[in-house]
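Structure record follows, encoded as structure tokens.
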Amino acid sequence: MDTLWIFYLLRIIAQSREWETAMSKSLLTFEEHFALAFDTGAEPTARIDSAVFLAGEGLFHEVKPVAEALKDHADTALTAGRLLLTIRQFERWGLHDRLTPWVDEGVDQPDPAMLTRSAMFLRRSDAQDAIIVFIGTADLYWVTLYLLERFLPKDRHILFLKDPSKLRYAFGTPAFGPNHGDITSGLRRFLEKQKVRRFHVLGTSSGGFAALHFAITARAQGALALSPETTLVPFAERSLTQFTEEVKALLKPRMPLPLDLQELFKTYPVPEGVPILLMYAELHAEDAAMCKRMAGLVGVQLEAVPDCDLHDLLSVLIAQRRIAPLFSRVFGAADQIPGAFPPEPHSF
């Protein structure tokens, strides 16, 4: 039954691309989506779209009444019905009740809703190891959490991270602070507080850049990056063109160093025995190019998913029943990495 529901959720994810495209044009904030979903005077289709967005961000208990109210409306019956089925499965799995928001010591967190969308901690009893997960910029954060939790090792603590600003973790996160260096120092404190012996990192899409970066700067015991970005130079150039010269002057000193993972991996080669695996769709030209530029670097392994042109490799690997063996291969036991952290100029 779990497997069937996982595939049902994957269908929701696939459909969400249309919803995300429509919603991105409207540029609604989280608060505006919340208000719209509960506005009984708004268009039903707009309300259900916002309810889907909010469910993907973890508020499925809250939007359940909205889906119930719209399930008999002609224009929203199908989407509301699917959303209700998904919410009920979420409730049966119970992950929501086992996850707790995480915030680093001394971080002022005025917005609880933002925190629940940026750092969630799954504590496992008697666990000595941990997996740090960096989610990409796609919405439906909580759906991704549920899918990953079904397949990640059950004997590890798991910390799920997302950058709500969609700036590739370059300017910190609400859970750790406003600067990229806050994440490295915050992760160290997290690992020390939980008495973690070893940890691995996992990143999807733009979260793959952060995962690979922290694999080096925080000295992880292994990393898996699915369709990762390996350089933020194009992203930074696109972003900076949208700002005034005054804003650029403020942003440039805070951009992560290095922007290109090639530089970091050349300066700090991967220690022997530490698996660093980058996976990409063979027929997705941009993802393939991002990964192949890392070919030949010490310790870096590349693996293409044949005859695939999709960016969302998580869905593909689940459908192909490859995700559990893959996680076992990368996140299996590894010797603790010796040596000190890289110097602060390379903190992300």
Side-chain angles (χ1 to χ4, degrees), residues 1 4-103 109-120 135-149 160 162-167 173-175 312 315:
M1 178 60 71
L4 292 176
W5 274 105
I6 286 170
F7 281 109
Y8 181 80
L9 292 176
L10 293 180
R11 290 179 61 194
I12 292 291
I13 289 176
Q15 283 198 332
S16 75
R17 291 170 181 163
E18 297 179 6
W19 295 329
E20 288 172 9
T21 300
M23 287 187 285
S24 66
K25 294 178 181 178
S26 67
L27 299 177
L28 295 181
T29 65
F30 181 88
E31 292 73 18
E32 288 169 335
H33 276 301
F34 195 92
L36 180 57
F38 289 91
D39 183 358
T40 56
E43 287 290 331
T45 52
R47 292 185 65 197
I48 198 63
D49 282 348
S50 286
V52 168
F53 172 87
L54 294 170
E57 296 291 345
L59 300 183
F60 49 86
H61 290 312
E62 290 81 351
V63 302
K64 189 175 182 178
V66 177
E68 291 280 5
L70 297 175
K71 67 181 181 181
D72 296 323
H73 191 284
D75 294 335
T76 57
L78 180 61
T79 301
R82 288 174 171 171
L83 181 56
L84 281 171
L85 289 172
T86 304
I87 288 172
R88 288 165 187 159
Q89 184 61 25
F90 279 3
E91 293 173 338
R92 279 191 285 270
W93 280 348
L95 178 62
H96 191 281
D97 298 327
R98 292 183 284 124
L99 283 167
T100 56
W102 175 267
V103 61
Q109 184 49 248
D111 184 358
M114 184 66 76
L115 179 58
T116 61
R117 293 182 289 141
S118 66
M120 298 300 293
I135 306 297
T137 59
D139 290 319
L140 295 181
Y141 169 50
W142 275 79
V143 176
T144 304
L145 264 58
Y146 269 76
L147 291 174
L148 286 172
E149 192 272 339
F160 295 100
K162 181 183 178 181
D163 179 4
S165 71
K166 300 188 177 184
L167 292 175
T173 71
D312 179 16
S315 301

Sequence neighbours excluded, which residues qualify as side-chain contact (heavy atoms from CB on, under 4.5 Å) partners of A42?
-> L36, D39, R47

Which is it for I135 and L148 under the side-chain contact (heavy atoms from CB on, under 4.5 Å) test, yes or no, and what are the steps along the way?
-> CA-CA 10 Å; I135 306 297; L148 286 172; 4.0 Å; yes

How many angstroms lie between atom [atom1] of [X] and atom [atom2] of [Y], to the nearest 0.5 angstrom?
| X | Y | atom1 | atom2 | result |
| --- | --- | --- | --- | --- |
| E91 | H61 | CD | NE2 | 5.5 Å |
| E68 | D72 | CD | CG | 9.0 Å |
| L85 | K71 | CG | NZ | 10.5 Å |

Sequence neighbours left out, what passes salt bridge (Lys or Arg N to Asp or Glu O under 4.0 Å) with E43? Give chain and number order.
-> none

For the side chain of T76 and the backbone of L70, is there at least one donor-acceptor N/O pair under 3.5 Å apart?
-> yes

Grab the two heavy atoms, one from [X] and one from [Y], that are nearest each other, plus how far apart they are.
| X | Y | answer |
| --- | --- | --- |
| Y146 | G94 | OH-C, 4.4 Å |
| A37 | L54 | CB-CD1, 3.9 Å |
| A119 | A175 | CB-CB, 3.3 Å |
| L83 | A55 | CD1-CB, 3.7 Å |

Are the side chains of [Y] and [X] in contact, using a 4.5 Å heavy-atom criterion?
| X | Y | result |
| --- | --- | --- |
| M120 | K162 | no |
| Q89 | T86 | no |
| F34 | V63 | no |

Exactly one candidate in W93, F53, F90 meets ring pair (Phe, Tyr, Trp, His ring centres under 6.0 Å) with F60; the answer is F90

